[in-house]
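Here's the structure we're looking at; comments come further down.
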Amino acid sequence: MIHPLYLDAANTWSIKLDQGIALHVSAPNRARTLFPLRRLSRVISPSTATWTTEALLACLRAGVTVVFHDKHGEPVAWCFGPRKRETTLGELLRSALAHTDGLTELMAWRHITEHNTLLATLIKAKIAQRTHTPESARAALCSLHQQRLGKPVGPLLRSLERSASGLLAQHLYNHVGDPYLIGFAREGFHLTEFLGSILRWHLHSALLNTPLATLRDSTPGRAAAYCLERESTPLYHAIGNALGDLERHLRERHT
């Protein structure tokens with residue numbers, strides 16, 4: 001069974017390659033740990049971690065996505081392996097981006113999809129339906145989480161979003177395959193950010209579905225990792241549904 005590897009930003013990590021088959025992960029005052037590459041789905045690493053070139057290349061060759069984040073938990077880089085066969089979605093994205101109005105169409109799709117997801121999340125959370133901006137909706141959800149947990153929810157949400165960025169990057173790589181399309185294929189367009197803005201609303205539902213005891217008794221990083229793995233199936237479905245809707249949208253416009 002494969003699992004993601006989360007490296008907490010609080011530690012100064014060093015990652016090397018061990019005998020070509022495992023990551024040798026260590027930090028001050030911690031015992032070294034070996035993680036076989038064949039058992040890793042992705043690695044979420046702070047940008048302060050020290051990687052050897054051999055370790056990073058081994059991950060990419062093995063199809064293990066590596067996501068780097070800064071001290072605030074914001075993703076700063078996504079590392080993928082060799083380019084895979086283009087999928088239908090990849091071809092449609094290339095076609096859309098080649099048109100002068102392609103970015104406008106993609107931005108319109110993002111706005112509509114994010115708004116619909118926002119409303120669906122508020123309904124699930126049983127928050128009164130009124131005119132909500134993304135900012136006010138997030139504030140209402142954060143208030144609900146804080147009432148439920150009895151403590152500030154900001155650190156937990158940031159950890160959850162950071163961890164989810166790795167899940168999303170892996171899913172996009174598996175379904176789109178071309179790092180060029182996943183990254184900044186065109187000024188103003190970054191597919192990971194597009195889908196991330198939609199996935200963030202699903203994370204609120206995932207948090208509400210996670211048992212309170214686990215969230216209260218763990219650090220933000222551990223609680224986020226548990227929540228993400230517990231809710232990985234519905235989150236995968238959410239990403240898949242969004243990609244499917246994007247593909248249908250592009251097919252209608254460009255076929």
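Between the S95 side chain and the L92 main chain, no donor and acceptor come within less than 3.5 Å of each other. R148 contributes a side-chain N or O that, together with a main-chain N or O of L208, makes up a donor-acceptor pair within less than 3.5 Å. Not a single donor-acceptor pair under 3.5 Å links the side chain of T214 to the backbone N or O of T210. Looking at S218, its side chain never comes within 3.5 Å of a backbone N or O of L215 through a donor-acceptor pair. No donor-acceptor pair closer than 3.5 Å links the side chain of N11 to the backbone N or O of W13. Proximity of a side-chain donor or acceptor of R230 to a complementary backbone N or O of N209 within less than 3.5 Å is detected. Listed for the S163 side chain is a donor-acceptor partner under 3.5 Å among the backbone atoms of S159. Judged purely by atom type and a 3.5 angstrom limit, H99 has no side-chain atom pairing as donor or acceptor with the backbone of D101. A distance-only check finds no donor-acceptor pair linking the side chain of D18 to the backbone of A22 [under 3.5 Å].
No donor-acceptor contact under 3.5 angstrom links the side chains of Y236 and E231, judged on distance only.
Here the straight-line distance linking atom OH of Y173 with atom OG1 of T192 works out to 13.0 Å at 0.5 Å rounding. The NE2 atom of H171 sits 5.5 Å away from the CD1 atom of I239 when rounded to the nearest 0.5 Å. Between atom CG of residue L207 and atom CG of residue L141 there is a gap of 10.0 Å, rounded to the nearest 0.5 Å. In this structure, CG on L93 lies 6.0 Å from CG on L97, to the nearest 0.5 angstrom. Considering CD of E193 and CG of L199, their distance stands at 13.5 Å, rounded to 0.5 Å. Going from atom OG1 of T100 over to atom CD of E105 covers 9.5 Å, rounded to the nearest 0.5 Å.
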- Message: Apply side-chain contact (heavy atoms from CB on, under 4.5 Å) to residues M107 and L103 and explain how you reach the verdict.
- Response: CA-CA 6 Å; M107 292 295 289; L103 182 59; 4.2 Å; yes
- Message: Please evaluate residues L89 and L250 with respect to the criterion side-chain contact (heavy atoms from CB on, under 4.5 Å), reporting the C-alpha separation (whole Å), side-chain torsions for both, the decisive distance (0.1 Å), and the verdict.
- Response: CA-CA 8 Å; L89 177 57; L250 293 176; 4.3 Å; yes
- Message: Walk me through whether L167 and L228 qualify under side-chain contact (heavy atoms from CB on, under 4.5 Å).
- Response: CA-CA 9 Å; L167 183 75; L228 192 66; 4.0 Å; yes
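Put simply, the side chain of L172 does not reach to within 4.5 Å of the side chain of N174, judged on heavy atoms. V43 has its side chain out of reach of V67: every pair of non-hydrogen atoms, C-beta onward, lies at least 4.5 Å apart. Two residues are said to be in side-chain contact when any heavy atoms from C-beta on lie closer than 4.5 Å; Y6 and S45 fail this criterion. Annotation: side chain of L191 is not in contact with side chain of L181 (no heavy-atom distance under 4.5 Å). Counting heavy atoms from C-beta outward, F35 and V25 have side chains that approach closer than 4.5 Å. The shortest side-chain heavy-atom distance between L56 and L17 does not fall under the 4.5 Å cut-off. The side-chain heavy atoms of C227 and L160, taken from C-beta on, include a pair separated by under 4.5 Å. With a 4.5 Å cut-off on side-chain heavy atoms, T48 and D70 do not count as touching.
Using a 4.0 Å cut-off between a side-chain N of Lys or Arg and a carboxylate O of Asp or Glu, E161 and R138 qualify as a salt bridge.
For the residue pair L106 and F194, the shortest heavy atom distance occurs at O-CE2, 3.4 Å. Taking every heavy atom of both residues into account, R216 and K151 meet most closely at O-NZ, 3.6 Å. When all heavy atoms of T12 and P28 are compared, the closest pair comes out as O-CD, 3.3 Å. A pairwise comparison of heavy atoms in V153 and C142 identifies CG1-O, 3.9 Å as the closest pair. Among all heavy-atom pairs drawn from A58 and L37, the shortest one is CB-CD1, 3.7 Å. Here the closest non-hydrogen pair linking L195 and A242 is CD1-CB, 3.5 Å.
Centroid-to-centroid, the aromatic rings of H69 and W78 stay 6.0 Å apart or farther.
Applying the side-chain contact (heavy atoms from CB on, under 4.5 Å) rule to K16 yields the partners S14, H24, T52; only residues at least two apart in sequence or on another chain are considered.
No continuous path of hydrophobic side-chain contacts links F189 to I112 [ILVMFWY only; heavy atoms under 4.5 Å]. Linking ILVMFWY residues whenever their side-chain heavy atoms come closer than 4.5 Å, directly or via other members, leaves L156 and Y226 in distinct clusters. Hydrophobic cluster membership differs between I21 and I15, with clusters built from Ile, Leu, Val, Met, Phe, Trp and Tyr side chains linked at under 4.5 angstrom.
Tested against T121 for a side-chain contact (heavy atoms from CB on, under 4.5 Å), the candidates T117, L119, I123 yield a single pass: T117.
Within 6.0 Å of atom CZ in R110, more than 12 heavy atoms from other residues, nucleotides or ligands are found, so the atom counts as buried in its surroundings.
Among residue pairs with one or both ends in residues 142-167, those qualifying as ring-ring contact (aromatic ring centres under 6.0 Å, His included) are H145-H204; sequence neighbours excluded.
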